[in-house]
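Chain letters run A, B, ... following the sequence lines, proteins first and then strands; every chain starts at 1.
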2 protein chains.
Amino acid sequence: MRSYHQYCSFARGLDVVGDRWTLLVVRELMYGPRRYNELLAGLPGIATNLLAERLRELTEKGVLERRSDQRYALTPWGEGLRDVVHAVGRWARPLMGEMKVDDAFRSHWLVHPIHVLFEGVDRRRPPLTIGVEMGDAPVTVRSKAGRVSVLPGRPDAPDLVLSGPPDGIVALLAGLERPAARKVKVQGDVRKLARLHPRAA
Amino acid sequence: MRSYHQYCSFARGLDVVGDRWTLLVVRELMYGPRRYNELLAGLPGIATNLLAERLRELTEKGVLERRSDQRYALTPWGEGLRDVVHAVGRWARPLMGEMKVDDAFRSHWLVHPIHVLFEGVDRRRPPLTIGVEMGDAPVTVRSKAGRVSVLPGRPDAPDLVLSGPPDGIVALLAGLERPAARKVKVQGDVRKLARLHPRAA
DNA sequence: CTGCATCCGGGCCGATACTG
DNA sequence: CAGTATCGGCCCGGATGCAG
């Protein structure tokens, strides 16, 4: 990317991560170290040359590093971009209405809406294990010790299983009455969801 | 900008503000409503057509609005981008070493480093008024009630006056011993600066 | 002078094909 | 699996024109 040539911390930050796709690569690495093809799968729409170029640039600039097992991982400085990604995600929450027909989705992306919806610790939250099926891979949403998190894979003994389109799942977890929420099949008692106390919109 | 077509809050956010120059336009409006030419002056390097286009897009999307006095201003939703700009600025702080020869600078940009360096309230901070001269316009850095802020203009009765290159000024305020800091002329007692307790790097 | 619109060259982006 | 090569098209950047 062309530099903005401004002596401004924000502008210099954008010189590093302001390119198209760059911060989405970072988003993918926030789930942990990933291999090239895993990144490709998590970034529907990116061209292979662009992914390669972004990985090279970000490595040169010290945002990520390549490990011995051929995986890419965020450096400690790169980890600092979590706040940036979350800040944008939080700001853009009003944009998360319905899915468009040509919108892509990956189950592990659920981590971010969950992070925003259930930020911090809330002791009122009961322990709860939810299996979520949204198409490409099952994930588990777990409430434990007042904290809500997302894990890959299908839980052994879920209290609740949700299956349906992503926008419906998110609406249901957020406690919103949206048309899409009605398309979600629920096994178990839906009312348990409200006890997780999602943040108001 | 081409949409990423991903049902992800972060990606949808970038669909709105991910274009080149877009967040820098927002940065400029964080100082308050501005007219077209004022924005142009605060965004050295931007092409006039691009500024016009960004302003139109951001207005359509509800990030900013045009006022009756022809000024552009952030909407309430647009104000939410402050957290994003600050998050990037905070992350990019390690990049704020020396100025490059072709780096542009505007005095009002000092607001962001100050925000990052002196975030929050610290009761140990004594009241202090500092005049700062960096080239294009004088600004005032003021400590009051434990909070440090930046105002446009030259103070009436400064306790201290700093004049020199921006990187030197920032280094001095941050309490860092950098070569550039030695190029700053100081009128008054430099040691008063340390009492403001800047955050460690 | 302010506030843009138009035009044009160059570079980045996106899609596909291909290689070790 | 992990990229490189290639090429058309679009966005960006700089210069210029022009209306209120």
Side-chain angles (χ1 to χ4, degrees), chain A residues 1-6 8 11 14-29 32-61 63-73 100 102-104 106, chain B residues 1-6 8 11 14-29 32-61 63-73 100 102-104 106:
Chain A
M1 143 169 290
R2 282 179 64 101
S3 167
Y4 287 111
H5 292 297
Q6 299 186 354
C8 163
L14 290 187
D15 283 347
V16 176
V17 295
D19 256 325
R20 191 163 166 74
W21 287 108
T22 302
L23 278 174
L24 290 178
V25 172
V26 171
R27 177 196 69 191
E28 287 303 304
L29 289 172
R34 290 291 132 103
R35 316 206 335 202
Y36 182 88
N37 267 17
E38 295 174 315
L39 290 173
L40 212 52
L43 294 165
I46 197 173
T48 59
N49 58 346
L50 268 193
L51 177 56
E53 195 179 326
R54 294 292 177 269
L55 290 171
R56 184 163 15 90
E57 292 166 349
L58 287 172
T59 304
E60 283 171 9
K61 292 176 178 170
V63 176
L64 47 93
E65 61 194 356
R66 191 143 195 198
R67 296 201 170 172
S68 53
D69 58 355
Q70 273 200 326
R71 290 170 132 148
Y72 296 90
K100 312 280 181 190
D102 53 353
D103 271 356
R106 298 293 181 266
Chain B
M1 140 169 290
R2 281 180 64 100
S3 168
Y4 288 110
H5 293 297
Q6 299 186 355
C8 163
L14 289 187
D15 284 346
V16 177
V17 297
D19 256 327
R20 190 163 167 75
W21 289 107
T22 302
L23 277 175
L24 290 178
V25 172
V26 171
R27 177 196 70 190
E28 287 303 304
L29 289 172
R34 288 292 133 105
R35 315 209 318 200
Y36 181 87
N37 268 16
E38 296 175 316
L39 292 172
L40 212 53
L43 295 165
I46 197 172
T48 59
N49 59 345
L50 268 192
L51 176 56
E53 194 179 325
R54 294 291 177 269
L55 290 171
R56 186 165 9 92
E57 292 166 350
L58 288 172
T59 304
E60 281 171 9
K61 291 176 178 170
V63 176
L64 46 93
E65 61 194 356
R66 191 142 195 199
R67 295 202 170 170
S68 52
D69 59 355
Q70 275 200 323
R71 290 167 128 149
Y72 295 91
K100 312 281 181 188
D102 53 353
D103 271 357
R106 298 293 181 268

A:Arg66 CZ to D:dC1 P, in whole Å, measures 14 Å

Here the distance between atom P of D:dA5 and atom CZ of A:Arg56, to the nearest Å, is 10 Å

Going through the distances and angles, do A:Leu50 and A:Glu53 end up as a side-chain contact (heavy atoms from CB on, under 4.5 Å)?
CA-CA 5 Å; A:Leu50 268 193; A:Glu53 195 179 326; 4.3 Å; yes

So do the side chains of A:Asp15 and A:His5 get within less than 4.5 Å of each other, counting heavy atoms only? no

Could you walk me through whether A:Arg54 and A:Glu57 pass the salt bridge (charged side-chain N to carboxylate O under 4.0 Å, His left out) test, one step at a time? CA-CA 5 Å; A:Arg54 294 292 177 269; A:Glu57 292 166 349; 3.5 Å; yes

From CG of A:Asp15 across to P of C:dC12 the rounded distance in Å is 14 Å

Is there a donor in the side chain of A:Tyr72 and an acceptor in the side chain of A:Arg34, or the other way round, less than 3.5 Å apart? no

ask   = Hey, does the side chain of B:Tyr72 come within less than 4.0 Å of C:dC4's phosphate (OP1/OP2), counting only N and O?
value = yes

Between CG of A:Leu51 and P of C:dT16 the distance, given in whole Å, is 17 Å

Sequence neighbours excluded, the answer for salt bridge (Lys or Arg N to Asp or Glu O under 4.0 Å) partners of A:Arg27 is none

Between CD of A:Gln70 and C1' of D:dC1 the distance, given in whole Å, is 8 Å

Can you check nucleotides 11-13 of chain D for protein contacts, nitrogen or oxygen pairs under 3.5 Å, and list what you find?
{"unit_1": "D:dC12", "atom_1": "OP1", "unit_2": "B:Asp19", "atom_2": "OD1", "d": "3.2"}
{"unit_1": "D:dC12", "atom_1": "OP1", "unit_2": "B:Arg54", "atom_2": "NH2", "d": "2.8"}
{"unit_1": "D:dC12", "atom_1": "OP2", "unit_2": "B:Arg54", "atom_2": "NH2", "d": "3.3"}
{"unit_1": "D:dG13", "atom_1": "OP1", "unit_2": "B:Arg20", "atom_2": "NE", "d": "2.2"}
{"unit_1": "D:dG13", "atom_1": "OP1", "unit_2": "B:Arg20", "atom_2": "NH2", "d": "3.0"}
{"unit_1": "D:dG13", "atom_1": "OP2", "unit_2": "B:Trp21", "atom_2": "NE1", "d": "2.8"}

Looking at the base of C:dA5, is there any donor atom on it, or on the side chain of B:Thr48, that sits under 3.5 Å from an acceptor on the other one? yes

Taken to the nearest whole Å, CG/B:Leu40 to P/C:dG3 is 10 Å

Between CZ of A:Arg71 and P of D:dC1 the distance, given in whole Å, is 13 Å

Whole-Å distance, A:Arg35 CZ to D:dG3 P, equals 10 Å

Test log, rule salt bridge (charged side-chain N to carboxylate O under 4.0 Å, His left out), inputs A:Asp102 and A:Lys100: CA-CA 6 Å; A:Asp102 53 353; A:Lys100 312 280 181 190; over 6 Å; no

